[in-house]
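Report on the following structure.
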Amino acid sequence: MTDTISLVWFRRDLRLHDNEALVEACAADRVVPVYCFDPGDYGTRPFGGDDSFDFEKTGAHRARFRLESVADLRSSLRDRDSDLLVRVGRPESVIPDVAAAVDAASVTMHTWPTAEEMQVEAAVKREHRDADIDPRRFWGHTLTHLDDLPMAYDDVPDTYTTFRNAVERDATVREPLHIPEIPAFPADAPDPGSIPSIADLDETLTTPRFDDRGVLRFDGGETAALDRVESYIWEGDHLREYKETRNRMLGADYSSKFSPWLNEGCLSPRYVQSEVERYEDVRVSNDSTYWLTFELRWRDFFQFQFAKHGTEFFRRGGIRDRTDIDWRTDDAQFERWAAGETGIPFVDANMRELNATGYMSNRGRQNAASFLANNLRLDWRRGAAYFETQLVDYDPASNYGNWAYIAGVGNDSRDRYFNIVKQARQYDANADYVKHWLPELDGLPAEYAHEPWTMTADEQADYGVQLGRDYPEPMVDLEASYETLR
Ligand SMILES: Cc1cc2nc3c(=O)[nH]c(=O)nc-3n(C[C@H](O)[C@H](O)[C@H](O)COP(=O)(O)OP(=O)(O)OC[C@H]3O[C@@H](n4cnc5c(N)ncnc54)[C@H](O)[C@@H]3O)c2cc1C
């Protein structure tokens, strides 16, 4: 009898632990793991629709993280006498070609509920039909499995609390799967290929240097992901106070920083949940330990919202198809926001952190997004697309879902806007965060660091910070802009 060969197509599931596509593939006699860099994920793209704009699909921070993650996966597979075939090309030609070259009897992969991912899957499936291979798809990136939802996915409640209550009451989280015994890599498999450079993916990108003002060195890959879980939950013992610290903005440990690894699939949320439960058993079970699960359920919520509403999330009027908001287009204003030159320090500090590191705290994201969407009333999708470029932890559902929420076109029937200065005073009382990213404001007392425009000319001279020279004048009168929203 001839050996059966299975191909496992790694996508945003760059891990060995809790990986059902891998476990299923490993039932074959031989397994060929493949990763494909899709040129469609890089370079400049039009957003499409009315008032289309161009944006960069994947910026340097995430490209770097992904390349490292693929390298880490390959090295873990090689440690197990397997390998990772790496290719650059459209998956609908690469995957069937590799399957044909190794004479694979089956192809396994994970699936996501977002449009581009599903289009790619559909194209791969079409190509396989002729070869008589039915690719098998698995759902593996949420806490609650799609099949375990207590309702049909198109009946998922549009309100987070209703969703959370239902899954807390009527769904369980599956145990993470163990790493399987990985069968040998076929001796006659094609050359594994080399991992491309960042410039091979997009010639405009260069590997960013680690900025030591950043919260954490986000090294890509499952190895670093598991190390982070170990250091945050166990060594640092930070989980016991997560709920109290999670709204801070400086340092590695005010929040878990799991997001880049979760979104590139280096870390399974079910594994995180199993570690939370183990911690609750052996250390402490309190509001903070519950709250990490609570936040992971927000992540689930947006995944299932995308399964339900699909591309409606990318419309200007969002899933509510609102037509009553007059979204503006103003390139110069947008560029100031993106560069962190708005003259509103709390917004600028956050945008500069994003640009320098690819990361921004949740508090920062809420305020930076609200400023663009509500105070400036610029097309919220352009802000979301800018985050898509820059974020090291970008995920379509989490990003566009949160943006739509804040812009008033998503899962919240109230118009939400953040009072930026009030938030700055509450979450950055001593202006340490603002000064960390805007050293030009270092000499100012906290109240002026948050509202430099309230300084008189004499005070500006005394403190050596002249508006318009050392730091921008505010691009909008915040108070007047709130009036238009009330
Ligand atoms: C405008 C805007 C855009 C965002 N874009 C993204 C994105 O592209 N990718 C992304 O992962 N998160 C996004 N978030 C959610 C949140 O800001 C980040 O998940 C969080 O800051 C990541 O840091 P952490 O891992 O330390 O979070 P923690 O506070 O430690 O939370 C643990 C995990 O819970 C999940 N989570 C927490 N809050 C949310 C939330 N509001 N929505 C969805 N998941 C959540 C994340 O997976 C996170 O890693 C966005 C939020 C806003 C307001």
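Both ligands and their constituent atoms are indexed starting at 1 by order of listing. Just so it is clear, the values below take in all heavy atoms, side chains as well, and ignore hydrogens, waters and symmetry mates.
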Check ligand 1 against [X] and write out every atom of the ligand that is under 4.0 Å from a heavy-atom position of the residue.
X      : value
Ser259 : 11 (O), 22 (C), 23 (O), 25 (O), 49 (O)
Leu292 : 32 (C)
Tyr359 : 21 (O), 22 (C), 23 (O), 24 (P), 26 (O)
Asp395 : 7 (C), 8 (O), 9 (N)
Ile406 : 53 (C)
Leu262 : 47 (O), 49 (O)

Any chance the rings of [X] and [Y] have centres within less than 6.0 Å?
X      : Y      : answer
Trp112 : His141 : yes
Trp337 : Phe334 : yes
Tyr160 : Trp298 : yes

### side chain to side chain donor-acceptor pair (under 3.5 Å) between Asn350 and Tyr433, worked out
CA-CA 9 Å; Asn350 276 292; Tyr433 175 77; 2.9 Å; yes

Protein heavy atom at shortest distance from [atom]:
atom                    : result
atom 21 (O) of ligand 1 : Asn362 N, 3.4 Å
atom 24 (P) of ligand 1 : Lys257 N, 3.5 Å
atom 3 (C) of ligand 1  : Asn399 OD1, 3.5 Å
atom 6 (C) of ligand 1  : Arg365 NH1, 3.3 Å
atom 33 (C) of ligand 1 : Leu296 CD2, 3.9 Å
atom 41 (N) of ligand 1 : Asn402 OD1, 3.3 Å
atom 46 (C) of ligand 1 : Arg299 CD, 4.3 Å
atom 9 (N) of ligand 1  : Asp393 O, 2.9 Å

With Trp403 as partner, the option from Phe387, Trp380, Phe313, Tyr386 fulfilling ring-ring contact (aromatic ring centres under 6.0 Å, His included) is Phe387

Exactly one of Tyr153, Phe314, Phe301 clears ring-ring contact (aromatic ring centres under 6.0 Å, His included) with Phe306, and that residue is Phe314

Can you tell which of [options] gets a heavy atom nearest to [atom]?
atom                    : options                        : result
atom 30 (O) of ligand 1 : Pro396, Ser256, Ala397, Ala368 : Ser256
atom 31 (O) of ligand 1 : Tyr400, Phe258, Tyr242         : Tyr242
atom 38 (N) of ligand 1 : Arg363, Glu295, Arg228         : Glu295

Point to revise | Asn263, any N or O under 3.5 Å of ligand 1 N or O | key: yes

Quick check on Arg246 - does any of its heavy atoms sit under 4.0 Å from an atom of ligand 1?
no

Distance col, row Asn375:CG vs Glu479:CD, nearest 0.5 angstrom, shows 9.5 Å

Given the options Arg248, Arg246, Arg228, Asp253 meets salt bridge (charged side-chain N to carboxylate O under 4.0 Å, His left out) only with Arg228

Under 3.5 Å side-chain donor-acceptor pair for [X] and [Y]:
X      : Y      : value
Glu168 : Tyr290 : yes
Thr142 : Asp300 : no
Asp287 : Tyr242 : no

Checklist line | Lys NZ or Arg CZ of Lys422 over Phe418 ring: under 6.0 Å, within 45° | finding: no

